[in-house]
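In this text the structure is predicted, and so the values were computed from the model without any measurement. Excluded from the calculations below are hydrogen atoms, water molecules and symmetry mates; all remaining heavy atoms, backbone and side chain alike, are included. Numbers for residues simply follow the sequence, beginning at 1.
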Amino acid sequence: MSTRYWCESAWIDGAVAHGVLLSADDTGTLTAVETGIDTAPSDAEAVSGFVLPGGVNAHSHAFHRMLRGRTHGDGGTFWTWREVMYSVAAKLDPQSYETVARAVFAEMLAGGYTSVGEFHYVHHAQDGTPYGTERPRGDANDDAGHRAHAMERALARAAASAGIRIRLLDTCYLTGGIDSELSAEQARFGDGTIDGYMDRHAGLIGAFADEFPVETPGESFVHVGAAIHSIRAVPAANLQRFTELSGPVHVHLSEQPAENEASQEAYGATPTEVLARSGVVDDRLSAVHATHLSEEDIAILGGSRSTIVMCPCTEADLADGIGPARELADAGAVISLGSDQHVVLDALRETQGLEAGERLRSGQRGRFSPAELITALTEGGARSLDLPVGALEVGKACDFVAVRTDSMRTMGSLDEQIILTASASDVHLTVSGGKVRVRDGVHTELGDIAELYARAFAALEMEG
């Protein structure tokens with residue numbers, strides 16, 4: 001069996017092509033990509049507008065979406081924002097988190113993303129007790145609430161039900177700061193020791209291999225990766241252990257000047273240098289934010305061909321600053337994008353934010369060309385998460401989004417320059433694994449996304 005889509009125009013091999021026919025097999029994997037087809041065949045769905053490979057959201061904290069529009073009343077700082085974040089994290093359990101994540105992932109699809117890297121650290125029960133170690137007597141809801149890896153399973157189920165491809169970045173979080181214990185709010189994030197993390201991580205990989213098998217590009221929706229929360233949360237002596245793992249490794253890096261200052265005081269080195277000394281900096285590493293870097297930091301990350309995950313809307317919202325994206329790219333790093341705390345879930349706006357930040361920082365236009373911006377959103381993210389996506393080519397997943405070219409925002413845009421004019425409101429079709437997931441802002445299986453959020457706020461007993 002085959003699914004076919006005829007696209008009015010599409011981004012193929014780094015250029016705009018017209019009359020593109022995409023064919024996918026019953027696993028959702030592309031089997032043919034043809035161009036110059038003037039009209040849609042009778043067995044193909046005609047897709048108007050401009051088709052892009054599905055956006056890759058390389059950095060997400062799903063539950064942070066519940067903070068949107070709720071942290072601006074008294075100004076504050078990154079550190080005061082974090083206290084509000086902890087209060088929401090404390091409310092989560094496996095059932096409520098699945099409800100929250102399902103809404104968030106549905107909104108991501110509507111906003112132009114078809115893959116996500118979920119940087120996940122809310123591992124255990126509210127008191128820090130690992131799920132699966134003790135079950136209330138007579139509890140009939142064992143599978144959903146009390147199995148080992150219950151929170152991770154909740155995220156995976158939410159992603160699979162929404163139809164978004166997920167790399168669940170299982171995050172190591174051992175200390176509340178350099179040489180300080182976890183706070184009460186952070187207790188559920190920690191595994192005690194690096195061996196505790198490694199054991200739980202290995203168990204998670206084994207559990208997911210059975211529950212969410214990875215077989216073919218199109219139908220493989222759940223993947224596991226690893227993350228170091230930050231050098232604040234993982235002691236330098238433990239970092240080398242991450243070289244033992246295969247696959248992508250992510251880390252929050254130099255988001256705030258205070259992190260750099262603490263690193264210099266404790267280690268006499270920048271966070272990037274600490275990671276490099278531990279052997280962690282290589283082409284599997286994705287450094288998230290990378291906002292406050294020295295010239296040597298840039299050379300280290302670029303020389304290793306690491307990926308940088310810029311999160312422009314969050315970095316602006318939290319007043320983090322603007323990172324040296326152009327310099328990192330010129331040094332050899334790969335640029336990708338993430339939505340982090342989901343100030344917006346709009347792949348186009350996030351992409352525009354990358355170039356906007358560069359223009360504000362440098363006083364120059366065109367720091368990243370439209371083609372480079374598309375690459376950051378698609379291929380850069382695919383590399384960061386090591387997923388078979390990011391381009392419309394045979395053998396990769398049939399994941400794409402279609403953008404209106406005739407809206408009041410996009411009318412008159414020339415070819416790929418639409419990446420700088422469109423917004424999530426212009427995404428009229430989202431396809432993953434060869435299946436339509438969102439059409440005109442409505443999820444084809446889950447329904448109205450606002451209603452999904454109403455259930456999410458109710459599940460956390462928060463006023464929506």
Practice problem: Tell me whether the guanidinium CZ or amine NZ of Arg147 lies under 6.0 angstrom from the six-membered ring centre of Tyr131 and within 45° of its axis. | Solution: no
Quiz item: Are the side chain of Ser306 and the backbone N or O of Asp283 linked by a donor-acceptor pair below 3.5 Å?
Solution: no
Quiz item: Do Ser286 and Ser384 have side-chain N/O donor and acceptor atoms under 3.5 Å apart?
Solution: yes
Quiz item: Are Gln240 and Thr243 linked by a side-chain donor-acceptor pair shorter than 3.5 Å?
Solution: yes
Exercise. Name all residues meeting the side-chain hydrogen bond (donor to acceptor under 3.5 Å, both in side chains) criterion together with Glu259; count only those two or more places apart in sequence or in a different chain, and write none if there are none.
Key: none
Exercise. Indicate yes or no: at least one non-hydrogen side-chain atom of Arg326 is less than 4.5 angstrom from one of Ile335.
Key: no
Exercise. Determine which pairs satisfy side chain to side chain donor-acceptor pair (under 3.5 Å) with at least one residue from residues 7-23, sequence neighbours left out, and list them in order.
Key: none
Practice problem: Determine the minimum heavy-atom distance between Phe105 and Val116, stating which atoms define it. | Solution: CE2-CG1, 4.1 Å
Quiz item: Would a 4.5 Å heavy-atom cut-off, applied to side chains only, mark Thr114 and Val389 as touching?
Solution: no
Quiz item: If you look at every heavy atom in Leu204 and Val224, which pair is closest and at what distance?
Solution: CD2-CG1, 4.2 Å
Self-check item: Side-chain donor/acceptor of Glu315 to backbone N/O of Asp320, under 3.5 Å
Solution: no
Quiz item: Do any N or O atoms from the side chain of His120 and from the backbone of Ala62 form a donor-acceptor pair under 3.5 angstrom?
Solution: no
Self-check item: Any donor-acceptor N or O pair under 3.5 Å, side chains Ser413, Thr410
Solution: no
Quiz prompt | Closest non-hydrogen atom pair, Leu301 against Leu253 | solution = CD1-CD2, 4.0 Å
Quiz item: Do you know which two heavy atoms are closest between Ser115 and Asp399, and how far apart they sit?
Solution: OG-OD2, 4.2 Å
Quiz prompt | Side chain proximity check, Thr171 to Tyr197, heavy atoms < 4.5 angstrom | solution = no
Practice problem: Please list, chain by chain and in numerical order, all residues satisfying salt bridge (Lys or Arg N to Asp or Glu O under 4.0 Å) with Arg383, sequence neighbours excluded. | Solution: none
Quiz item: Hey, what do you get for CG (Asp282) to OG (Ser304), rounding to the nearest 0.5 Å?
Solution: 7.0 Å
Practice problem: Kindly state each residue pair satisfying ring-ring contact (aromatic ring centres under 6.0 Å, His included) with at least one member in residues 387-417, sequence neighbours excluded. | Solution: Tyr5-Phe400
Quiz prompt | Verdict with reasoning, Phe221 to Ser432, per side chain to side chain contact (heavy atoms under 4.5 Å, CB included) | solution = CA-CA 9 Å; Phe221 276 83; Ser432 68; 3.8 Å; yes
Quiz prompt | salt bridge (Lys or Arg N to Asp or Glu O under 4.0 Å) evaluation trace for Lys435 with Glu445 | solution = CA-CA 11 Å; Lys435 297 180 181 179; Glu445 294 185 7; 5.8 Å; no
Quiz prompt | Side-chain touch Pro53/Leu392, heavy atoms, less than 4.5 angstrom | solution = yes
Exercise. Spell out, as yes or no, whether a donor-acceptor pair under 3.5 Å connects the side chain of Arg153 to the backbone of Pro94.
Key: no
Practice problem: Look at Arg232 together with Glu255 and state whether they make a salt bridge at an N to O cut-off of under 4.0 Å. | Solution: no
Quiz item: Between Arg241 and Ile194, what is the shortest heavy-atom contact and its length?
Solution: NH1-CG2, 3.7 Å
Quiz prompt | Nearest-0.5 Å distance, NE2 of residue His250 to NE2 of residue His229 | solution = 14.0 Å
Quiz item: Under 3.5 Å, is there a donor-acceptor pair between the side chain of Ser362 and the main chain of Gln364?
Solution: yes
Quiz prompt | Non-neighbouring partners of Arg200 that pass side-chain hydrogen bond (donor to acceptor under 3.5 Å, both in side chains), sequence neighbours left out | solution = His123, Asp170, Asp191
Practice problem: Could you go through the side chain to side chain contact (heavy atoms under 4.5 Å, CB included) check for His428 and Ser48 one step at a time? | Solution: CA-CA 9 Å; His428 70 87; Ser48 62; 3.6 Å; yes
Practice problem: Sorted by first residue and then second, give each ring-ring contact (aromatic ring centres under 6.0 Å, His included) pair with at least one member in residues 35-69; sequence neighbours left out. | Solution: His59-His61, His59-Phe119, His59-His252, His59-His289, His61-His64, His61-Phe119, His61-Tyr121, His61-His252, His64-Trp81
Practice problem: Hey, could you give me each pair passing salt bridge (charged side-chain N to carboxylate O under 4.0 Å, His left out) that has a residue in residues 403-414? Not counting sequence neighbours. | Solution: Arg404-Asp406, Arg409-Asp426
Quiz item: Pick from His149, Glu118, Arg102: which one makes a side chain to side chain contact (heavy atoms under 4.5 Å, CB included) with Leu155?
Solution: Glu118
Quiz item: Is the backbone N or O of Gly332 less than 3.5 Å from a side-chain atom of Arg305, with the two atoms forming a donor-acceptor pair by type?
Solution: yes
Self-check item: Taking every non-hydrogen atom, the tightest pair across Cys7 and Ala10
Solution: CB-CB, 4.3 Å
Quiz item: Does the side chain of Asp297 pick up a donor-acceptor pair with the side chain of Thr270 at under 3.5 Å?
Solution: yes
Quiz prompt | Side-chain heavy atoms of Val20 within contact of Val51, under 4.5 Å | solution = no
Quiz item: Does Glu451 use its side chain to pair, donor to acceptor, with the backbone of Leu446 at less than 3.5 Å?
Solution: no
Quiz item: Going by heavy atoms in the side chains, are Thr3 and Val431 under 4.5 Å from each other?
Solution: no
Self-check item: Sequence-distant partners of Glu358, salt bridge (Lys or Arg N to Asp or Glu O under 4.0 Å), two or more places apart
Solution: Arg361, Arg367
Practice problem: Check side-chain hydrogen bond (donor to acceptor under 3.5 Å, both in side chains) between Asp448 and all other residues, then give those that pass, not counting sequence neighbours. | Solution: none
Quiz item: What residues form a side-chain hydrogen bond (donor to acceptor under 3.5 Å, both in side chains) with Tyr173, not counting sequence neighbours?
Solution: Gln186
Quiz item: Mind checking what makes salt bridge (Lys or Arg N to Asp or Glu O under 4.0 Å) contact with Arg65, not counting sequence neighbours?
Solution: Glu107
Practice problem: Find out whether Arg68 and Leu345 are in side-chain contact, i.e. whether some heavy atom of one side chain is under 4.5 Å from a heavy atom of the other. | Solution: yes
Exercise. Would you sort out whether Val344 and Glu350 count as a side chain to side chain contact (heavy atoms under 4.5 Å, CB included), showing the intermediate values?
Key: CA-CA 8 Å; Val344 296; Glu350 211 72 64; 4.2 Å; yes
Self-check item: Contact check, side chains of Ile419 and Leu52, non-hydrogen atoms, under 4.5 Å
Solution: yes
Practice problem: Give a yes or no answer on whether the side chain of Thr444 reaches the backbone of Val436 with a donor-acceptor pair at less than 3.5 Å. | Solution: yes
Exercise. Sequence neighbours left out, what passes salt bridge (Lys or Arg N to Asp or Glu O under 4.0 Å) with Arg437? Give chain and number order.
Key: none
Practice problem: May I ask you to decide if Leu429's main-chain N or O and Asp440's side chain share a donor-acceptor pair within less than 3.5 Å? | Solution: no
Exercise. Could you tell me whether a side-chain N or O of Arg188 sits under 3.5 Å from a main-chain N or O of Leu92, the two making a donor and an acceptor?
Key: yes
Self-check item: Candidate pair Leu168 and Val222, rule side chain to side chain contact (heavy atoms under 4.5 Å, CB included), full reasoning
Solution: CA-CA 7 Å; Leu168 200 155; Val222 178; 5.7 Å; no
Exercise. Quick one: do Ser339 and Asn57 satisfy side chain to side chain donor-acceptor pair (under 3.5 Å)? Show the steps, please.
Key: CA-CA 6 Å; Ser339 66; Asn57 185 348; 2.6 Å; yes
